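Throughout, residue positions are numbered sequentially from 1 according to the sequence presented. Computed over heavy atoms, backbone and side chain alike; hydrogens, waters and symmetry mates excluded. These figures come from a predicted structure and were not determined experimentally.
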Amino acid sequence: MVFPTFRMPEGRVSQIVSPLRLRRWQKSFYNFQLTVICLFVTFLVLRSFLGAGKYGTPKQDLEEIRNHLIPHRDGSTRTMMQLTATKLEASSAVEGDVNPRSLLEEEFDSVEYFDPAKVHHTLGERITDWDERRAAVLNSADNTEGSNQPHGKRRILMVSGSQPKPCDNPKGDYFILKNLKNKVDYCRLHNIDIFYNTAQLDMKMSGFWSKLPLLRALMLSHPEVEWFWWMDSDAFFTDMKFQLPLDSYENYNMVVHGWYDMIYEKKSWVGLNTGSFLIRNCQWSLDLLDAWAPYGPVGKPREAAGQLFAKYLDGRRKFESDDQSALIYLLLSQKDKWSEKTYLEHSYFLHGYWVILVENFEKMMEKYHPGLGDERWPFVTHFVGCKPCHGSSGDYAADRCAKQMERAFNFADNQVLEAYGYVHPSLETESVEKVQVEREAIDTRHTNLRVEAGFDVRIPSVKELGQFMTRLIVEEWAPEGRNMSFYFKVKTETVTGEISSTIADDTNPWWSLMRKAVSKFNATLSPQRANGASDSRFVRMRGVSALEIIPIQNVPFLIHSHNEVMNGYEFLKGIAVITEIVKEYGSYSGSRVKHTSSVNYNVGILPSRLIIKLGWITVQTA
C-alpha cells in the first residue's frame with residue numbers, strides 16, 4: 001500500500017517552524033503510516049483465520065469477527081456439552097424435512113414451525129414400530145446379552161461427553177478428565193456400561209442439544225439396553241454407594257429430577273433439570289426425542305423458541321432455547337401425551353445444585369455416611385453455571401468453580417480410595433495418605449477371610465414373597481460383585497421337616513366354624529398376613545393348625561405400639577364373640593384332621609400368624 005507524501009521547500013519550512021519541530025512532525029507521520037499498515041495486515045489475518053468476509057460486506061465482516069471474539073452469554077445456568085460449531089451441514093433429505101438454510105431466512109414462521117401436528121425437523125428417519133423391532137432382537141437366537149444384567153438387574157448405559165476440541169481454559173481439560181474418572185469409578189462399582197462421546201453428530205443440534213441425536217443413535221444401536229442415563233460433563237457422583245431405585249420406575253419411561261408443583265402449577269423454567277436423567281429404550285422415548293428436537297436447531301428456530309419459552313415459563317429470560325425449557329414446555333403444552341410416563345424424582349439428588357452442597361461436605365462426613373443419596377449425602381452434585389472449559393464465561397467465577405469441583409471430586413474419590421487404604425487428608429488437596437488403622441495389616445492375597453452374619457427375618461409362607469426376598473438379597477444385600485453369598489436357615493419346621501401354614505378357606509372346618517360364629521355379629525372374615533407369630537411357632541412344629549383371636553373392635557395391628565386402653569362395653573362385646581366361637585368349636589363332631597398346608601421351597605420361608613379383619617374385631621390365625 002502506498003501513501004501520498006509531500007515535501008515543502010526547506011527554506012520556506014524553516015521560516016514557519018524550527019528544524020527540531022519539523023523532525024518531530026515527520027517522525028509522528030511516519031509512525032502513523034506504520035500503524036495503519038499494521039492494522040490493515042491484522043484485519044486480513046482475522047478475516048482469513050475466523051472465516052469472516054464470507055458475506056461480502058464490511059458490516060457483516062465486523063459482525064462476524066465480533067461474534068467470534070466476544071464470549072457468548074446466553075443467560076442459562078447449566079453447562080452441557082459446550083460445542084462451538086457455527087456451520088450448518090446439509091442433512092440427509094427425509095420426507096417432511098426442510099432445507100437447513102431455510103431456517104435462517106427472514107420469512108421464518110415460528111407459529112407454523114412449532115405446530116405439533118407438523119414435522120419440520122427430525123433427528124432421522126421416522127420410526128413407529130421400535131417396540132416390536134426391539135422385542136424381536138431381544139428374543140432372537142443371536143441375542144446373547146438380553147436386556148438384563150446378571151442377577152436380573154436392568155441393563156443401563158451411562159452416556160456423557162464433551163466438546164471435540166481442546167478447552168479454551170487451560171484447566172478445562174483437566175476437570176473434564178477428572179469428571180470422566182469419577183463416572184468410570186461409579187460405573188465400575190455398580191456394573192454399568194459407559195459411553196463417552198466427543199463427536200458432534202448433528203451440526204444443527206449444538207450445545208445443550210447435542211445429547212438428543214446421540215441418545216437416539218444409541219437407542220437404535222443398542223436394543224439390549226433398557227435404560228440410558230444421560231449425565232452432563234459438569235455433574236459429579238458424590239455418593240458412590242447409592243443405587244438407582246429402578247423398581248420404582250417400572251411404569252415410567254423417563255426419570256428426571258424435578259417437582260410437580262413447580263412445573264404444573266408455577267410453570268417455573270427451573271422446575272426440573274436435564275443435567276442428569278434416565279430415558280427408557282422404547283417407542284415412547286423416540287417419539288419424545290422427535291417432539292423435543294424442533295426447538296433445538298441453530299438459527300431462527302432456536303431464537304424463536306427462546307422467545308416462546310420466555311413468554312410461557314416463569315422466570316425465564318429471553319435467550320435462545322435450551323433443552324430444559326423445551327422439555328418443561330412439552331410437559332405443559334402436551335401434558336396428556338408426555339406427563340403420565342415422566343417421573344419427577346426428588347426423593348434423592350439425581351441432580352444436586354452445587355452452591356448449596358459443597359460447603360457442607362465436611363459436616364456430612366462427620367454426621368452421615370454414603371448410601372443415602374439425599375441432602376445428607378448427595379448422590380449427584382451438578383455444577384450448573386460453571387463452564388470449566390471456557391473459564392470466565394460462566395455465571396460464577398472460574399476460581400470458585402475450580403476450587404469446588406476439586407473438593408467434590410476428592411469427596412467422591414475418598415469413597416473409592418478407602419477400599420485400598422488411602423484417602424485425601426483434605427478435600428482441598430489432590431495428595432493422598434494411608435489410612436491409619438489399629439489392627440495389623442492383613443495380606444488378602446494369601447489369607448482367605450470369611451465373615452458370617454445371621455439375621456432373623458420373619459416373612460409369611462407365600463412362595464411369591466419368598467422369590468421376591470431372594471431376588472432382593474441377590475440384587476441389593478449380597479450381590480456377586482461384593483464376593484458375598486447367602487443361604488436360608490429355616491427355624492420353624494413340622495415334625496416331617498416341611499413348612500406348615502394354616503389354610504384360611506372352607507376346606508378347613510375350623511375356619512368355617514369361626515366364620516359361622518362371627519357372622520352372627522354381622523362380621524366377615526378377610527385374611528391378611530402378619531409379621532409376628534413367635535408363639536405359634538411351637539404349635540406349628542407339631543403340624544397342628546392353630547387359630548388365635550383378639551376380639552376387640554377396630555384394633556390396628558401395631559404390635560403394642562398403640563394405646564391398648566378400651567372401654568368396658570367393647571371388652572364385654574369381645575367376650576361374647578369368643579363365647580360364640582367356643583360354642584361352635586365345642587359342638588363340632590366332624591373329622592379331626594390336621595388342616596395345614598405344606599409347601600416345599602428351594603429356600604426356607606419363616607411362617608407367621610394370619611391376621612383376620614372382622615370389621616369390628618380382629619382374629620389372628622397361627
Side-chain angles (χ1 to χ4, degrees), residues 456-466 490-599 604-622:
D456 187 354
V457 182
R458 302 178 182 180
I459 60 177
S461 307
V462 180
K463 184 176 182 180
E464 291 75 13
L465 189 56
V490 182
K491 294 175 61 176
T492 304
E493 298 177 346
T494 66
V495 291
T496 60
E498 299 176 335
I499 305 301
S500 177
S501 175
T502 302
I503 296 177
D505 58 35
D506 288 338
T507 62
N508 183 353
W510 305 109
W511 172 269
S512 300
L513 291 172
M514 177 177 286
R515 184 170 59 82
K516 179 180 177 181
V518 299
S519 65
K520 296 179 182 181
F521 297 89
N522 296 322
T524 58
L525 298 179
S526 177
Q528 186 181 26
R529 294 286 179 178
N531 58 355
S534 56
D535 296 337
S536 67
R537 192 169 71 228
F538 302 102
V539 179
R540 287 175 178 271
M541 292 176 65
R542 306 304 302 174
V544 178
S545 176
L547 297 173
E548 179 182 350
I549 179 171
I550 306 176
I552 304 172
Q553 182 177 3
N554 297 326
V555 175
F557 188 72
L558 301 176
I559 314 180
H560 307 295
S561 64
H562 61 287
N563 188 345
E564 297 180 347
V565 176
M566 70 185 74
N567 61 50
Y569 176 77
E570 297 298 338
F571 179 77
L572 293 176
K573 187 189 297 184
I575 293 177
V577 174
I578 294 178
T579 300
E580 191 63 34
I581 294 175
V582 170
K583 289 181 180 179
E584 292 292 338
Y585 280 12
S587 61
Y588 178 64
S589 59
S591 173
R592 301 286 175 161
V593 177
K594 300 175 182 178
H595 292 275
T596 61
S597 65
S598 299
V599 181
I605 304 300
L606 296 178
S608 65
R609 283 180 295 184
L610 185 63
I611 301 300
I612 312 300
K613 296 287 186 178
L614 300 181
W616 56 268
I617 65 174
T618 300
V619 176
Q620 301 185 7
T621 69

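Every salt bridge (charged side-chain N to carboxylate O under 4.0 Å, His left out) that K520 has, sequence neighbours left out, goes to E580, E584. Residues meeting the side-chain hydrogen bond (donor to acceptor under 3.5 Å, both in side chains) test with S519, sequence neighbours left out: none.
The two residues F521 and A576 come nearest to each other via the heavy atoms CZ-O, 3.7 Å. The two residues Y585 and W510 make their nearest non-hydrogen contact at OH-O, 2.9 Å.
To the nearest 0.5 Å, the span separating CE on M514 from CG on N508 amounts to 9.5 Å.
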